[in-house]
Amino acid sequence: MGVQLPDLQFTSLETIPERVSTARKAFLEHKTRDVEFRLVQLRKLYWAIKDHEEEIVEACAQDLNKPRFETEVAESGWLLNDVVFTTRNLHKWVKDEKAPDIDLSFKFMNPKIRKDPLGCVLVIGAFNFPFQLTLGPVIGAIAAGNTVVIKPSENAPRSAAVMQKICEASLDPACYHIIQGGVPETQALLAERWDKIFFTGGANVGRIIAKAAAPHLTPVVLELGGINPAIVTKNADPRLVARRMLWGKIMNAGQVCTSQNYLLVDKSLVSKVVEEFQKAYKEFYPKGAKDSPDYSRIINDSHFQRLKSMLDNSKGKILMGGTMDEKERFIEPTLVQVDSVDDSLCSQESFGPFIPILPVENLDEAINLANGVQSTPLGLYPFGNKADVAKILDSTRSGGVSCNDAALHIPTLPFGGVGESGYGAYRGRSSFDVWVHRRPITSSPGWLESILAIRYPPYAGKLSKFKAASTLVPDFDRTGKKVTLGWLRFIFTLGGGSAKAGAGRAAVVAARE
Ligand SMILES: NC(=O)C1=CN([C@@H]2O[C@H](COP(=O)(O)OP(=O)(O)OC[C@H]3O[C@@H](n4cnc5c(N)ncnc54)[C@H](O)[C@@H]3O)[C@@H](O)[C@H]2O)C=CC1
Ligand SMILES: CC1=C(/C=C/C(C)=C/C=C/C(C)=C/C=C/C=C(C)/C=C/C=C(C)/C=C/C=C(\C)C(=O)O)C(C)(C)CCC1
């Protein structure tokens, strides 16, 4: 008998406003401003994740048939490293920053940037990497000094229940709350006022979240999916393309927001690439994916049916895989040659193990097609030589890029979408930055009063002095060309925009007072 898992209980709707209000009150009591308090929370969270690792593995297995390797690497292990990285760096990150590029005349005001917590925030997690994509943003929110309400995805119920156990075992109950539920509970949460909402999921719900946030002017981070292209030029290595693109679609059975949705392959390379896919599939799953312990299942019946109809509606030719088992929600990694980007397998995000390949004449055609399908996908995967990759990068946009690979998630690299794939980025240092307000602080010393008096009425005779002290002379002409002003510039600007020059200007003004 495996590990016993708790049942998922939805939070009663009536208690949600009160829970949110407790979290808000806790923020206003300034408990989370103390960096040591935050560190203790994070350290306790670390040990709770560690102590519940077997439950995490079991919950991911029950929700998604996720293999232990993928759970330990991308869920528990990922979060444990995230906590250690954050706690190691937090003292450095919270330090006030010296404001950059300040003219010496303002340096006396000691301008600095403080990293203030935003307040009481909401994190709505996703089902596919339930622990990583829910607790990942929470780690940053705690580190930044916010109080947090956490809403795991009800679509991964076992994981949601284990997450609750972990949070309740480790985190301060006034500052950090878990709300469990589906659409009504999420809507009850969205009716509350937040200082930031962080949502990972699909674009349709993303729009609902952004609309709900608008009346309160609440900032939102949206980590959405993408119709991500892989572009394979004639100079690519077919073996690497096949092995890496197959990996991008077998991990979590393709339920990864960054996995490539379709491949645009130079027609001269198609047959070789297909052959290499077949070889790689045999190597990864000698007895087929269905009988392997290393292959996930689709999260629920509705996603299974959605995927089934995508394949049923495709006009493409199946070249590998293609089997399904509705009872098990199993879908085999399936390679399909299609003849248009309008095929059902390319035009929608599959979020499943389909690998449609569209042969193209050349790189220009591939770039045009990719920009036409979705010009701001979450990820983009170019395969080719240096010049090909440079050309692709210069003619496309995307949240991120992995050259010659499927999505390579370096755990501390900023991660996030652009345009239709969302906005805001997190991970590593960005997980802290996304949850703080950079609050500029100045402090004007009393002794500066005689110089600052230039700003007070009566204004007569003060404008020219003020301009002499503060005007920067452009180092460009009317055609937009850069010009060198040399000694003339020095005379007109009393030294120009440099810091030292600012002191000179300030001294001149003071002397004329
Ligand atoms: N960028 C990323 O990191 C990820 C993106 N995704 C994207 O999410 C999609 C599939 O994931 P799903 O879990 O099905 O996500 P989803 O977009 O349906 O979001 C599910 C969450 O939204 C809530 N929700 C659903 N309908 C709602 C409504 N009308 N009002 C208020 N709340 C509502 C649910 O309670 C749940 O918490 C895919 O498109 C995928 O690309 C999924 C995981 C990660
Ligand atoms: C081992 C040695 C070396 C180094 C080896 C290296 C660099 C190995 C790299 C392995 C990698 C990159 C493994 C990655 C595994 C990733 C897994 C299982 C899953 C990750 C899933 C993620 C992050 C999902 C995200 C999903 C999102 C955002 C979503 O859906 O929304 C040396 C250094 C060469 C030395 C010798 C030994």
Side-chain angles (χ1 to χ4, degrees), residues 10-11 60 63-64 66-79 81-82 122-134 136-137 150-157 159-160 179-191 197-213 221-228 244 247-248 250-259 261 294 296 298-300 302-303 306-307 348-352 374 377-379 399-400 402 405-413 415-418 420-427:
F10 281 14
T11 309
C60 287
D63 285 336
L64 287 144
K66 202 178 271 229
R68 173 180 283 273
F69 177 85
E70 289 181 25
T71 301
E72 290 207 21
V73 173
E75 306 271 9
S76 53
W78 185 282
L79 291 170
N81 279 355
D82 201 359
L122 172 65
V123 173
I124 304 176
F127 74 78
N128 58 333
F129 289 83
F131 291 89
Q132 183 205 136
L133 299 181
T134 310
I150 308 158
K151 205 323 243 139
S153 173
E154 74 280 20
N155 294 328
S159 303
I179 301 289
Q180 301 283 14
V183 176
E185 290 75 12
T186 313
Q187 286 190 337
L189 285 168
L190 292 175
I197 302 175
F198 192 117
F199 170 73
T200 302
N204 287 339
V205 180
R207 280 187 194 92
I208 295 172
I209 309 273
K211 272 192 198 154
V221 173
L222 296 179
E223 295 291 350
L224 310 177
I227 310 185
N228 309 315
R244 295 178 180 184
W247 178 66
I250 52 156
M251 197 207 305
N252 211 26
Q255 298 164 104
V256 189
C257 62
T258 44
S259 68
N261 203 56
D294 298 335
S296 296
I298 302 305
I299 186 73
N300 57 31
S302 101
H303 277 289
R306 178 184 60 77
L307 286 162
Q348 305 153 41
E349 182 192 16
S350 69
F351 214 60
Q374 190 186 48
L378 184 58
S402 305
D405 212 338
L408 186 65
H409 294 267
I410 296 180
T412 53
L413 200 62
F415 168 79
V418 61
E420 286 172 90
S421 50
Y423 44 82
Y426 74 122
R427 290 201 176 145

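Values in this document were obtained by computation on a predicted structure and should not be read as measured data. Read the numbers this way: they start at 1 and go in the same order the structure lists the ligands and their atoms.
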Open item on the list: Heavy atoms only, cut-off 4.0 Å: how does Leu133 contact ligand 1, side chain, backbone, both, or neither?
Closed with: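 Under 4.0 Å from ligand 1, Leu133 contributes side-chain atoms alone.
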Open item on the list: Once you measure the plane-to-plane angle for His303 and Phe351, does it fall in the parallel (<30°), tilted (30-60°) or perpendicular (>60°) bin?
Closed with: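 The rings of His303 and Phe351 sit tilted, inter-plane angle from 30° to 60°.
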- [ ] Please work out which of the three classes, parallel, tilted or perpendicular, describes the rings of Tyr426 and Phe198, given edges at 30° and 60°.
- [x]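 Answer is perpendicular, since the angle exceeds 60°.
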- [ ] Please confirm whether Lys66 makes a cation-pi placement over Phe129, using NZ or CZ under 6.0 Å from the six-membered ring centre and within 45° of the ring normal.
- [x]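 The answer is yes; both the distance and angle limits are met.
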Pick from [options]: the one approaching [atom] most closely through a non-hydrogen atom:
| atom | options | value |
| --- | --- | --- |
| atom 26 (C) of ligand 2 | Phe415, Tyr426, Phe129 | Phe129 |
| atom 40 (C) of ligand 1 | Phe351, Tyr426, Phe199, Phe129 | Phe351 |
| atom 7 (C) of ligand 1 | Gly226, Gly201, Gly416, Ala156 | Gly201 |
| atom 25 (C) of ligand 1 | Ile227, Val205, Asn252 | Val205 |

Given the protein's heavy atoms, is any one of them under 4.0 Å from [atom]?
| atom | result |
| --- | --- |
| atom 12 (C) of ligand 2 | yes |
| atom 20 (C) of ligand 1 | no |
| atom 19 (C) of ligand 2 | yes |
| atom 2 (C) of ligand 2 | no |
| atom 8 (C) of ligand 2 | no |
| atom 32 (C) of ligand 2 | no |
| atom 36 (C) of ligand 2 | no |

I need the contact type for [X] against ligand 2. Using non-hydrogen atoms and a strict under-4.0 Å cut-off, is it side chain, backbone, both or neither?
| X | result |
| --- | --- |
| Leu133 | side chain |
| Met251 | side chain |
| Arg427 | side chain |
| Phe127 | neither |
| Glu223 | neither |

Open item on the list: Within the 4.0 Å heavy-atom shell around Asn155, which atoms of ligand 1 are there?
Closed with: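 Close to Asn155: 13 (O).
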Task: Close-contact set for ligand 1 against Gly182 heavy atoms, below 4.0 Å - done: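 Listed by number with element: 35 (O).
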Task: Close approach of Leu408 to ligand 2, heavy atoms, under 4.0 angstrom - done: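 In this structure, Leu408 qualifies as a contact of ligand 2 - some heavy atom is under 4.0 Å.
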TODO: Report yes or no: does a heavy atom of Asn128 sit under 4.0 Å from some atom of ligand 2?
DONE: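 Yes, that is the case, since the closest heavy atom of the residue is under 4.0 Å from the ligand.
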Task: Closest non-hydrogen atom pair, Asn128 against Val256 - done: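 Reported closest heavy-atom pair: ND2-CA, 3.9 Å.
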Open item on the list: Check contact between His303 and ligand 1, using heavy atoms of the residue and a distance below 4.0 angstrom.
Closed with: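 Checking ligand 1 against His303, which is what was asked, there is a heavy-atom contact under 4.0 Å.
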- [ ] Pull out every atom of ligand 2 sitting under 4.0 Å from any heavy atom of Trp78, numbered as shown with elements.
- [x]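 Ligand 2 atoms under the 4.0 Å threshold to Trp78: 23 (C).
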- [ ] Can you sort out which atoms of ligand 2 are near Val256, meaning under 4.0 Å from one of its heavy atoms?
- [x]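 Ligand 2 atoms under the 4.0 Å threshold to Val256: 26 (C), 30 (O).
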Given side chains that start at C-beta, do those of [X] and [Y] come closer than 4.5 Å, heavy atoms only?
| X | Y | value |
| --- | --- | --- |
| Ile197 | Leu190 | yes |
| Arg427 | Pro411 | no |
| Ser76 | Phe131 | no |

Open item on the list: I want to know if ligand 1 touches Asn128 in the polar sense, i.e. an N/O pair below 3.5 angstrom.
Closed with: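 No, Asn128 has no N/O under 3.5 Å of an N/O on ligand 1.
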What residue and heavy atom of the protein are closest to [atom], and at what distance?
| atom | answer |
| --- | --- |
| atom 29 (N) of ligand 1 | Ile208 CD1, 3.3 Å |
| atom 17 (C) of ligand 2 | Val73 CG1, 3.8 Å |
| atom 16 (C) of ligand 2 | Trp247 CZ2, 3.7 Å |
| atom 27 (C) of ligand 2 | Cys257 SG, 3.6 Å |
| atom 22 (C) of ligand 2 | Gln132 NE2, 3.6 Å |

